[in-house]
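Heads up: the structure comes next, in structure tokens.
We name chains A, B, ... by the order of the sequence lines, and we start the count at 1 in each one. Nothing here was measured: the structure is a model prediction, and the numbers come from that model. Side chains included, hydrogens not; waters and symmetry mates left out as well; all remaining heavy atoms used.
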Protein chains: 2
Amino acid sequence: MFSMKTKYAIKALIRLAHKRHNGPVLIADLSVEEGIPKKFLENILLSLKNEGMLASRKGKGGGYALLRRPEDIRIAQVVQLFDGPLAVPSCVKMSMVRSCNACGESPQCGLRLVMAELKESISGCLDRLTLLDLVLESEEPVFDPVI
Amino acid sequence: MFSMKTKYAIKALIRLAHKRHNGPVLIADLSVEEGIPKKFLENILLSLKNEGMLASRKGKGGGYALLRRPEDIRIAQVVQLFDGPLAVPSCVKMSMVRSCNACGESPQCGLRLVMAELKESISGCLDRLTLLDLVLESEEPVFDPVI
DNA sequence: TTAATGACGACTATTATAGTCGTCTATATT
DNA sequence: AATATAGACGACTATAATAGTCGTCATTAA
């Protein structure tokens with residue numbers, strides 16, 4: 001459903017959100033903690049940086065950090081970055097990515113209905129979710145020790 | 001979003017539904033009418049037949065026909081046939097297809113939330129739609145000629 | 001100056017997709 | 001029976017995407 005890049009990116013973002021008050025995080029640490037191949041993670045983080053979600057610093061004491069607040073990072077943006085825009089036929093979406101290959105743009109093509117409904121479902125879901133939602137979900141359960 | 005097989009299958013099913021009272025339809029005709037490579041369409045129709053959606057007859061006067069009523073053919077079943085089951089991590093779905101590669105099954109993996117919500121959205125959408133819905137959508141507009 | 005650390009282009013291996021080709025089998029018609 | 005018609009089916013191929021890897025360079029702090 002998602003490419004590994006997208007999945008790794010989301011996991012890395014969650015981790016960075018958790019650690020966001022501890023200074024820059026090393027790629028190497030993220031790699032080990034999340035089980036993501038280091039060189040691969042490098043590319044991913046760089047993309048996220050270019051997208052304006054992360055900041056980085058080279059040299060000793062360097063690393064990566066969240067640049068925006070978790071509630072301002074939409075999951076839809078991450079997915080789009082790595083998996084590209086939802087492949088919806090141009091008949092459904094005006095800002096078309098490529099022309100529809102299956103239906104010949106016929107105004108009655110029955111595929112349109114499925115694609116349109118699906119697009120609505122998926123983007124509704126991904127647009128609504130932010131990094132904050134995932135961070136809260138993945139929070140360690142809080143034990144309130146009695147005494 | 002969908003493979004060509006899935007898209008072609010849906011288009012062929014819609015066409016077969018439209019023609020379902022005219023006797024068997026030739027692969028060659030379907031191929032031309034929908035712009036689907038003939039040999040490729042062959043495979044697709046055969047899969048749909050094995051799935052119990054179509055019947056076929058060899059020899060002269062043969063061809064393919066819908067075996068079930070359009071309202072009894074779920075789009076979800078077509079998509080699943082060609083694109084496989086939604087790749088949802090095993091942590092989300094008990095009937096797991098393959099174990100989750102990205103999250104290590106951790107009960108707090110933040111990916112779970114996205115995957116779970118997305119699966120809910122998508123299968124809700126595809127389970128609800130039947131071939132009948134698409135047929136109605138793709139019906140030629142009816143002209144009621146005055147006189 | 002040096003060690004630490006990210007930046008980045010180029011490369012590779014594996015897999016999935018979207019077909020194609022050739023031949024075989026079943027059926028209706030004559 | 002012979003023949004033309006039509007689907008069945010296994011094997012093959014070409015292209016592209018995915019999931020990485022490798023080597024080297026550029027920055028920065030100490």
Closest of D:dT5, C:dA18, C:dG6 to the B:Met4 side chain is C:dA18
With sequence neighbours left out, the residues meeting salt bridge (Lys or Arg N to Asp or Glu O under 4.0 Å) with B:Lys58 are none
Quick one: B:Phe2 CZ to C:dA18 C1', roughly how many Å, whole number?
-> 17 Å
To the nearest angstrom, how far is B:Leu16 atom CG from D:dG7 atom P?
-> 11 Å
When rounded to whole Å, the NZ to P distance for the pair B:Lys60 and C:dT30 reads 6 Å
Can you list every side chain to side chain donor-acceptor pair (under 3.5 Å) pair that touches residues 38-50 of chain B, not counting sequence neighbours?
-> B:Lys49-B:Ser56
Check the distance between C:dA4's P and A:Asp29's CG and give it to me in whole angstrom.
-> 14 Å
Measure the distance from CD1 on B:Ile27 to P on D:dC9 and round it to the nearest whole Å.
-> 12 Å
Within residues 46-57 of chain B, residues whose heavy atoms come under 4.0 Å of DNA chain C = B:Arg57
Which residue lies toward the 5' end of DNA chain C, A:Gly62 or B:Lys5, if each is placed at its nearest nucleotide?
-> A:Gly62
Backbone of A:Ser3 reached by a side-chain donor or acceptor of A:Asp83 within 3.5 Å = yes
Protein-nucleic acid N or O pairs under 3.5 Å, nucleotides 21-25 of chain D:
from   : atom 1 : to      : atom 2 : distance (Å)
D:dG23 : O6     : A:Lys39 : NZ     : 2.2

Pick from A:Val25, A:Leu30, A:Ile36: which one makes a side-chain contact (heavy atoms from CB on, under 4.5 Å) with A:Leu45?
-> A:Leu30
Using atom CG of A:Leu26 as one end and atom C1' of C:dA4 as the other, report the distance to the nearest whole Å.
-> 9 Å
Can you list the residues that meet the side-chain contact (heavy atoms from CB on, under 4.5 Å) rule with B:Ser121, with sequence neighbours excluded?
-> A:Ser121, A:Cys125
Are the side chain of A:Ser31 and the backbone of A:Ile27 linked by a donor-acceptor contact shorter than 3.5 Å?
-> no
Atom pair distance, as rounded to whole Å: OH in B:Tyr64 and C1' in D:dA6 | 10 Å
What nucleic acid atoms does A:Leu45 come within less than 4.0 Å of, heavy atoms only: base, sugar-phosphate, or nothing?
-> nothing
What bend angle does the helix from C:dT1-D:dA30 to C:dT30-D:dA1 show across its length, from five-pair end axes and to the nearest 10 degrees?
-> 10°
What's the CD1-P distance between B:Ile36 and C:dG19, to the nearest Å?
-> 10 Å
